[in-house]
> 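Let me give you the structure first, and then I'll get to my questions.
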Amino acid sequence: MNEDFTVPEKSGAEILIDTLVEQGVDTVFGYPGGAVLPIYDALFQHTKIRHVLVRHEAGAAHAAEGYARSTGKPGVVLVTSGPGATNAVTGIADAFLDSIPLIVLTGQVATNLIGTDAFQEADTVGITRHCSKHNYLVKDPADLASTVREAFAIATKGRPGPVVIDIPKNVQVATAATDVKRPTASRFSPAGEADYSEINRAVELLANAKAPILYTGGGIINSGPEASAALRELAELSGAPVTSTLMGLGAYPASGDAWLGMLGMHGTYEANMAMNQCDVMLCLGARFDDRVTGRLDAFSPDSIKIHIDIDRSSINKTVRVDLPIVADVGAAMRQMIEVWKGRKYKAAALDDWWARIKGWRAVDCLSYAGSTQEIMPQYAIERLFAATKDKAPIITTEVGQHQMWAAQHFHFDAPNKWLTSGGLGTMGYGLPAAIGAQMGNPDALVIDIAGEASIQMNIQEMATATQYRLPVKVFILNNEWMGMVRQWQELTYESRFSESYSDSLPDFVALAEAYGWKGIRCSDPAQLDEAIAEMLSYDGPVMFDCRVHKTSNCFPMIPSGAAHTDMILNSDEVSGTMDDEAKALV
Amino acid sequence: MHIKQELTERHVLTLTVDNEAGTLARIAGMFTSRGYNIDSLTVADISEDHTTSRITIVTKGPPPVIDQIIAQCERLIPVHKVTDLTEAGPHVERELALVKVRGAGDQRVEAMRLADIYRARVIDATVNSFIFEITGGPDKIDTFVTLMREVGLVEVGRTGIVGLMRGSESS
Ligand SMILES: Cc1ncc(C[n+]2csc(CCOP(=O)(O)OP(=O)(O)O)c2C)c(N)n1
Ligand SMILES: [Mg+2]
């Protein structure tokens, strides 16, 4: 033994950056501040990691979400202590509800100052404890590498989610040997394949169903492109119709024969009726969210329910199922296909079922009254889709009516192209998410379908797009209202429009120009196609102020607390009031 | 409109967890943030190398909620194992209480007599007070404390419940 042998020491900040590189990180979204200066110094002119300077930490977190959702890789965020961390919390909570893998690195005051109400001290691990998948406060630089490695494993494996690592400033500065081998904890073992006994039973149920349905969700997107491929094959083999949650759009192609459209509150009539009337429901990586089920005691009352999910806590949470299967949904679908083929099952004769579905489709629930005078919001989405579908665009959204219209009228044939805040419903998500998606997909066409109210929530990120020359397009359905709020007030509060008017709007074209973007405004349906073409041909960021009909409502709609069969198809059916039970439901 | 109350069941859960900073806050906070009840919670280091703790939680809720509670506990990274003792079969539950009573004359005699019946031990005595130590199931302790109220209860300290499965297997 050579007693004099000294292991090379590095600072916590250097160890952190080295470990990020080792984990394959090439992009970090962040904002500097006192408590992360050592890390920023280690990043200075770094050759492997590109730092994207956002304009607000919420923007960093949403940008990392957009990057993650569109690339399938975890998004990395770096923010300072106190206000830096608290500003990022909305994005962390958003990623938690939508199962997006994030690594959020937050600076913290030095360990000896923790608990003293020091300058820019916030209890970041306390604040993020219940909106992250896991979090850490690292107190020794020797623990950093193993913590970061475990954090990446936790964020990406099983049901993905955000992991926060809080790093006190003195831990960033202090040095530690770089060869310390802490045991990489084996305490995290996500579900993989399903039990064949369960798979056999699921295949049997599906093969013998007279009215089956595949109810798919974001879990399929998270499981990876192979899971989407497996879904397509399973749908083909079984002949069953496919519907999806907001988060799962694109897993099954909207152009596919079995596609019923999205289900739930603003889903299609055919999807919701088929969910209600099916005899076997195969739920794949979805979680029976209240926006999907409507009134629970009337939710698909006569079906046998099979639920495949990687997170056991998602099973039997709100809806009791008959066959729970805890497994990776992609792996489980591949097992089902294998068993199906091995036993030479034939797709059941589903003619009667499809005939009924055809009847529901004939209702044409997404139709709307057109206009030659004004741009109808649905029409704007249709034209945007028509102009871009061959370019396989990545679409992000804000939150509101425009989000639902986009989900209804923009159609996705591939996974990872639809980035929206489903679980938390965060206004201000779309622009930073588009920036993150563009960073991860430099050649893609990335469009944020926005509302005039939502876009103002993270409008400052326009400068980020300018700085990094990101040619994102923001397509605002400007109805001068917080349309979704106005719609609820019309339907449930007798049109008392309390504080839902978007007053004092900026001139979006002038604003675009002020940030170095191109601004386009259009209010004439006859000129819409041309204006969209102008937006698409511009090699740079564009803000498109699309002036649409102001008081359109988004239908179909299942009012809160109602059953799938009580869907409102158009505004004639609307009463303008609702009882307290229903009001309380949302 | 009124808020509906649901029928609940009492369950005793034991959790094997990593003994690290924040674990207790994570578990206790998860109960609060998801609206679950904690009737009692105990925690102590149980392994030789001090890396593992056992937490015993007494909770109540309708059966589907109990199932969710278990699933949500299992979802937490530092939680290794959750056992629902109430479901798992025969088990024992014990709690320890320290009970201080004050009094003179007959009251004092009566307190001692009751303590004897309940097998409570005197661990501190002054001319006008006792502290009793009593262990047992929660019902026994409840009854003892109620009786002591009659003879001059001053204060009570309780550990909360710990529990184990009966038989040779670990829970
Ligand atoms: C951060 C945040 N605050 C409030 C809400 C509630 N909310 C949901 S939709 C909406 C209105 C959105 O208006 P706009 O962006 O113009 O979209 P529109 O519905 O008009 O298409 C509001 C206020 C929310 N979802 N997120
Ligand atoms: Mg609006």
Side-chain angles (χ1 to χ4, degrees), chain A residues 93 96 99 111 114 123-140 143 147 150-151 153-155 157-159 161 163-164 166 183 185-191 296 309-321 324 326 561 578-585, chain B residues 1-7 9 11 13 15-36 38 41 46-47 49-55 57 59 61-84 87:
Chain A
F96 187 52
S99 309
T111 46
I114 288 179
D123 174 12
T124 302
V125 288
I127 292 168
T128 60
R129 189 169 286 132
H130 302 295
C131 61
S132 61
K133 188 170 172 190
H134 195 55
N135 63 16
Y136 305 86
L137 172 65
V138 182
K139 290 186 174 159
D140 183 341
D143 291 334
T147 303
E150 187 182 71
I154 291 172
K157 299 214 164 76
R159 179 178 179 175
V163 177
V164 177
D166 200 24
S186 60
R187 59 182 178 157
F188 181 65
S189 51
L296 274 175
D309 204 289
I310 201 159
D311 179 1
R312 127 104 158 106
S313 75
S314 283
I315 298 180
N316 285 331
K317 184 164 60 179
T318 53
V319 171
R320 302 296 294 174
V321 299
V326 181
M578 217 180 248
D579 63 26
D580 285 354
E581 300 276 345
K583 275 184 191 165
L585 270 171
Chain B
M1 192 192 82
H2 300 280
I3 306 290
K4 291 195 190 76
Q5 301 299 331
E6 281 181 294
L7 282 175
E9 283 178 3
H11 283 244
L13 311 180
L15 287 68
T16 316
V17 304
D18 285 328
N19 187 10
E20 64 186 19
T23 300
L24 186 59
R26 204 176 295 282
I27 293 165
M30 187 276 287
F31 273 74
T32 335
S33 70
R34 291 189 183 266
Y36 306 144
I38 298 182
L41 185 152
I46 54 163
S47 62
D49 59 0
H50 307 292
T51 56
T52 315
S53 295
R54 182 193 300 279
I55 295 182
I57 298 177
T59 182
V65 172
I66 300 289
D67 184 59
Q68 255 304 296
I69 291 175
I70 295 167
Q72 292 293 349
C73 286
E74 284 170 348
R75 212 179 156 201
L76 302 174
I77 304 295
V79 175
H80 294 281
K81 192 171 174 203
V82 183
T83 308
D84 181 349
E87 282 292 302

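Residue numbering restarts at 1 for every chain, and letters A, B, ... go by the order of the sequence lines.
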> For R312(A) and A71(B), which heavy atoms make the closest approach, and how far apart are they?
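Residues R312(A) and A71(B), closest heavy atoms: NH1-CB, 3.5 Å.
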> Which pair of heavy atoms, one from S313(A) and one from Q68(B), lies closest together, and at what distance?
O-NE2, 2.7 Å
> N135(A) versus chain B, heavy atoms under 4.5 Å apart: side chain, backbone, both or neither?
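For N135(A), heavy atoms of backbone and side chain both lie under 4.5 Å from chain B.
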> Just how far is it from atom CD1 of I77(B) to atom CD1 of I154(A), taken to the nearest 0.5 Å?
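So the CD1 of I77(B) and the CD1 of I154(A) are separated by 4.0 Å.
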> Determine, stepwise, if the pair R159(A) / R75(B) fulfils side-chain contact (heavy atoms from CB on, under 4.5 Å).
CA-CA 10 Å; R159(A) 179 178 179 175; R75(B) 212 179 156 201; 3.6 Å; yes
> Give the member of G29(B), C73(B), S33(B) that has the highest number of heavy-atom pairs under 4.5 Å with chain A.
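Highest number of heavy-atom pairs under 4.5 Å: G29(B).
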> Rounded to the nearest 0.5 Å, what separates atom CG in D67(B) from atom CZ in R320(A)?
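Answer rounded to 0.5 Å: 6.0 Å.
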> Please flag which part of L137(A) lies under 4.5 Å from any non-hydrogen atom of chain B: side chain, backbone, both or neither.
neither
> What's the separation between atom CZ in R26(B) and atom NE2 in H134(A), rounded to the nearest 0.5 Å?
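The distance works out to 4.5 Å.
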